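Since the structure comes first, as structure tokens, the remarks are kept for the end.
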Amino acid sequence: MSNQERDSYNPSAVEEKWQRNWEERGTNSLTLEQLKSAKDPYYQLMMFPYPSAEGLHVGNIYAFTGADVHGRFFRMQGRTVFEPMGFDAFGIHSENFALKIGTHPMDLIPANVDNFTRQLRRIGGMFDWKHSLDTTDPSYYKWTQWVFLKLFEAGLAEQKKAPVNWCPSCMTVLANEQVITGACERCTTPVEQREIKQWFFKITDYAQRLLDNLGFIDWSETTLKAQSNWIGRSEGARLNFSVVYSDDRDTGHNIEVYTTRPDTIFGATYMVLSPEHPMVDKVTDDEHRHSVSEYREEARKSDLVTRQKTDKSKTGAFTGGFCANPATGEQIPIWIADYVLMDYGTGAIMAVPGHDQRDFEFATAFNLPIKRVVAGPEESSDTPLSEAYIGPGFLVNSGEFDGTDVSDSVGVFTKWAKSHGWGEGTVNFRLHDWCISRQRYWGPPIPIIHCDNCGSVPVPEEDLPVILPRVEDFKPDDSGVSPLARVEEWYQTTCPECGGEARRETDVSDTFLDSGWYFLRYPSTDFEDTAFDPEITRRWLPVDTYIGGNEHAVLHLLYSRFLTMVLKDLGYLDFEEPYDVFRAHGLIIAEGAKMSKSRGNVIIPDPIIEEFGADAFRIYLMFLGPFEEGGDYRTEGIQGPYGFLHRLWDTALTATEGTPDPDVERKVHQTVKQVTEQVQELGYNTSIAAMMECLNAIRSGGRQATRTEVEPLIAMIAPFAPHLAEELWEHLGHKESIFEGSNWPSFDESKIIESQVSVAVQVNGKLRGTISVPQDAAEDDVIIAAREEDNVARYLNGVEERRIVHVPGRLVNFVVG
RNA sequence: GCCGGGGUGGUGAAAUUGGUAAACACAGGGGACUUAAAAUCCCCCGGGCUCACGCCCUUCUGGGUUCAAGUCCCAGCCUCGGCACCA
């Protein structure tokens, strides 16, 4: 017999049958009525895919299956589960690919979506295809534009000329989040700086709240940590230094610095401005004007990759200007250097080379004075410094503050600065405003009309969507403006306010805006007149469980939190965190190595599904390792789960109506308990192992199963292997889908208890034997039995027993001496 | 450099949170069935010593706490992620 013929289990036939049944019966779709009235709604969300031309990859299937198992489990527990799926199809990725193969994205994307849909159906996810969405569909991006208008009206969207990250290869602006150590995350080209007018969302207004709420949302620890690092709150002080002439006269100019260590101000021996700092011209004297402008030019040209290299040696230029250290009254020189960044803090620092390593290196390179103001243990005010000292200690060379412990000196200095009017405590964030405009084609046009008389005017809501026109020449160029700016008949329009000639905004918005609110749309896709229906939104949101990759820990997840907060503040939502629970899944590697085309170890799902079926593939993926940690995919490994399904099939088909064996029944109850507890916590690999063990117990010694033994197992495997479970469930005489009604098995605690338990017996902590005793045996009896065990008795013979440790049901340890 | 996750058989991994290390699988070895192969079923499978009952060693390394440590504490090594001249 061949693999397929050894028994009657034929995965592809079973899977096709049930996929058709689900489709015809609408098993996986909620009606509008259900959405409006579901009593116990459960919103199971997974990060929607970008529909690439290559099709679904194993990583997608892994993530979706993990989420699907969770959703199906809750459904079998009686919840009304909504599990939608859609497509994140706008963006530079699609556009670049379309350019590469010479197809228009408006033709490419629908084909990719069709292919993805076919594959997604094939893996047997419980997706509600009646509530699917595609971000490139005007009926969707109409509301993306609406979200933009809401932020615009609230004053949270503004257009400003800003130095932006420009990728010369993709010829577009990148968000800070898309720049990885100075290079474009997509093509790794070094990013340049350009001054372009851009639309920004003021996410920094929400920085504190975005940080605070991390305290109560139930998210993967790693994701929370990544977000809080990204927001990057630091506490410090802004201090004002007055710019002075060399004869100490005040020039009337001030420069504010940001520092987290105001307590080291007595050690500030010079000041550094960022090369882009607006005060550079004012402080530079004639003698240094030439070298300063040369240095600034160099800094401007140098890309962010080289500029942000930490191991680069320090460069800079003296401006010829001075300012007064407000603590000491002494004159200190003002330098410019590219190690000070314009977009953090105030773009200017007081340099304390004695206690900041970067300043130390700079001072060493340019022979600037290094002054110790903190002495560590066993150090004094004049212990020489061979590097910056940042440890604990007390202040020295700091006038009246000498001797202050540095652990509480920051507050002291902040107060002191404030009382003298030259500084105050402040909080600074690393987070920047969200640049949402893209000078590209493949995105929703930003719904703004520029009018010479009225300025930037929002497109009236009734005129939405602003349709992205089909443009054959959509290739970006180096001009820095969108391809739409070449389409005069599109951008020429009239001002909605004055009716005069006006011009449409030709930038499109960032894809992260599309995905920033999509979870709100899914339950309301039946509605054309609103982005999300208030009643349905109240019932279904926030999302109960969201599952996705940690590569979106800061980008998508932070933006969607921000938009949710804004929509709440504007009265459209009554919650401000979109996802109650977020779990990041792990990554799949193949044969011990990261999957890559060059390694040739990329797993192509379709042939595997064809050979073994979606059910076996799903189980194997979930069996590889802990879902939140990922696993190593090995080609032969699928044999285990595949064989398991075959055995389960045979066992179910040959089951009798007899009474269950008590030992087997106990095992079944134990398994139900374990699987019930673990599946909701995403403990899939161990749940599957438990079910395998249970089936082994049922079949041990070649025995035939009874129906009551195998039926719970069929229900428990259903979230993992839904097709096979349906077929066997039907075989057992059930008329309805296993997913209709609450078919998750229950367990009886009293049937779990073993009558006899195995107890380890140790002597001095070493295992010397095991005994079997009644579960509820008295301690004395257990100890007597332990002592009588042959091997144990040998070790106890002739020695003094000092102590006996008894852990009921686990072990007895004789401590002898 | 800073912040997180992790290091357990040939391999993927378990371990009731301090209580019999290696469950469940893959690969490998042996056997049954078969003319034969495949499939299926049964047995073995961390290392060493022993005819055997058993004994010793073993969870990255080294210390410590404890009757008892893969699990807790200290020091170090390796690895994978994130952030990074962020003042």
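Chain letters run A, B, ... following the sequence lines, proteins first, then strands; residues in each count from 1. What you are looking at is a predicted structure, and each value in this text was computed from that prediction instead of being measured.
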Per [X] side chain, nearest of listed nucleotides [options]:
X      : options             : value
A:A226 : B:G12, B:G82, B:G19 : B:G82
A:S234 : B:A87, B:G4, B:U20  : B:A87
A:W230 : B:G4, B:A87, B:C83  : B:C83
A:D356 : B:G4, B:A87, B:U20  : B:A87
A:D338 : B:C85, B:A87, B:G82 : B:C85

Relative to the 5' end of RNA chain B, which residue comes earlier, A:N428 or A:K594, by the nucleotide with the nearest heavy atom?
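Checking each residue's closest nucleotide, the 5'-ward one belongs to A:K594.
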Which residue, A:R699 or A:E629, contacts RNA chain B at a nucleotide closer to its 5' end, judged by nearest heavy atom?
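Going by which nucleotide is closer to the 5' end, it is A:E629.
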With a sphere of 6.0 Å drawn around CG of A:D776, does it hold more than 12 non-hydrogen atoms of other residues, nucleotides or ligands?
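Counting neighbours around CG of A:D776, more than 12 heavy atoms of other residues, nucleotides or ligands fall under 6.0 Å, so yes.
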Could you tell me whether A:L224 atom CG has more than 12 heavy atoms of other residues or ligands within 6.0 Å of it?
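For A:L224, atom CG is crowded (more than 12 foreign heavy atoms under 6.0 Å).
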Please give the distance between the [atom1] atoms of [N] and [M] as a whole number of Å.
N     : M     : atom1 : value
B:G1  : B:A69 : C1'   : 33 Å
B:C80 : B:G12 : P     : 15 Å
B:U34 : B:C44 : P     : 24 Å
B:C26 : B:C43 : P     : 14 Å
B:G70 : B:U65 : P     : 16 Å
B:A23 : B:A14 : C1'   : 5 Å
B:C53 : B:A68 : P     : 29 Å
B:C60 : B:U11 : P     : 13 Å

Looking at the angle O4'-C1'-N9-C4 for a purine or O4'-C1'-N1-C2 for a pyrimidine, is B:U17 syn or anti, with syn meaning within 90° of 0?
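B:U17: syn.
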Have a look at B:G9 and give me syn or anti from its glycosidic angle (syn if within 90° of zero).
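Syn, angle within 90° of zero.
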Would you kindly give the [atom1]-to-[atom2] distance between [X] and [N], to the nearest whole Å?
X      : N     : atom1 : atom2 : value
A:I231 : B:A84 : CD1   : P     : 14 Å
A:H277 : B:A87 : NE2   : C1'   : 13 Å
A:I589 : B:G12 : CD1   : P     : 8 Å
A:H432 : B:C83 : NE2   : P     : 14 Å
A:W335 : B:A87 : CH2   : P     : 23 Å
A:D343 : B:C85 : CG    : P     : 10 Å
A:M691 : B:A14 : CE    : P     : 15 Å
A:L214 : B:C3  : CG    : C1'   : 15 Å

Tell me if the centroids of the rings in A:W335 and A:F362 come within less than 6.0 Å of each other.
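Yes: the rings meet the under 6.0 Å criterion.
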Are the side chain of A:T346 and the backbone of A:E256 linked by a donor-acceptor contact shorter than 3.5 Å?
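The answer is yes, because a donor-acceptor pair under 3.5 Å joins these two groups.
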Using a 3.5 Å distance criterion without hydrogens, assess whether the side chain of A:T414 forms a donor-acceptor pair with backbone atoms of A:G425.
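Answer holds: no.
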In the strands shown, is [N] matched to any nucleotide by a Watson-Crick or G-U wobble pair with both distances under 3.5 Å, and which?
N     : value
B:U20 : none
B:C2  : B:G82
B:U35 : none
B:A25 : B:U11
B:C72 : B:G64

Under 4.0 Å, heavy atoms only, any strand: does [X] hit a base, just the sugar-phosphate, or nothing?
X      : answer
A:N791 : sugar-phosphate
A:R768 : sugar-phosphate
A:Y795 : sugar-phosphate

Strictly below 4.0 Å, N to O, side chains only: are A:R768 and A:E789 in salt-bridge contact?
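Not counted as a salt bridge, because no side-chain N and carboxylate O are separated by less than 4.0 Å.
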Is the closest basic N to carboxylate O distance between A:D650 and A:R647 below 4.0 Å?
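So A:D650 does not pair with A:R647 through a salt bridge.
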Tabulate protein N/O versus nucleotide N/O from nucleotides 65-71 of chain B, keeping only pairs under 3.5 Å, one per line.
| residue | atom | partner | partner atom | Å |
| --- | --- | --- | --- | --- |
| B:C67 | OP1 | A:R803 | NH1 | 3.3 |
| B:C67 | O2' | A:N813 | ND2 | 3.3 |
| B:C67 | O2 | A:N813 | ND2 | 2.6 |

Indicate every side-chain donor-acceptor pair of residues 627-634 of chain A with a distance under 3.5 Å to a residue at least two apart or in another chain.
| residue | atom | partner | partner atom | Å |
| --- | --- | --- | --- | --- |
| A:D632 | OD1 | A:E591 | N | 2.9 |
| A:D632 | OD1 | A:G592 | N | 2.7 |
| A:D632 | OD2 | A:G592 | N | 2.9 |
| A:D632 | OD2 | A:R634 | NE | 2.9 |
| A:D632 | OD2 | A:R634 | NH2 | 2.6 |

Report all interatomic pairs (protein N or O, nucleotide N or O of nucleotides 22-27 of chain B) with separations under 3.5 Å.
| residue | atom | partner | partner atom | Å |
| --- | --- | --- | --- | --- |
| B:A23 | O2' | A:E693 | OE1 | 3.2 |
| B:A25 | OP1 | A:N696 | ND2 | 2.7 |

Does a side-chain N or O of A:Y344 approach OP1 or OP2 of B:A87 to a distance below 4.0 Å, or not?
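Answer yes for this pair, as a side-chain N or O of A:Y344 is under 4.0 Å from OP1 or OP2.
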Hey, does A:V672 have a side-chain heavy atom less than 4.5 Å from the side chain of A:D748?
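Contact flag for A:D748/A:V672 side chains = no.
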No-hydrogen, no-angle side-chain donor-acceptor test under 3.5 Å, [X] and [Y]:
X      : Y      : value
A:R794 : A:N797 : no
A:T204 : A:D433 : yes
A:Y339 : A:D359 : yes

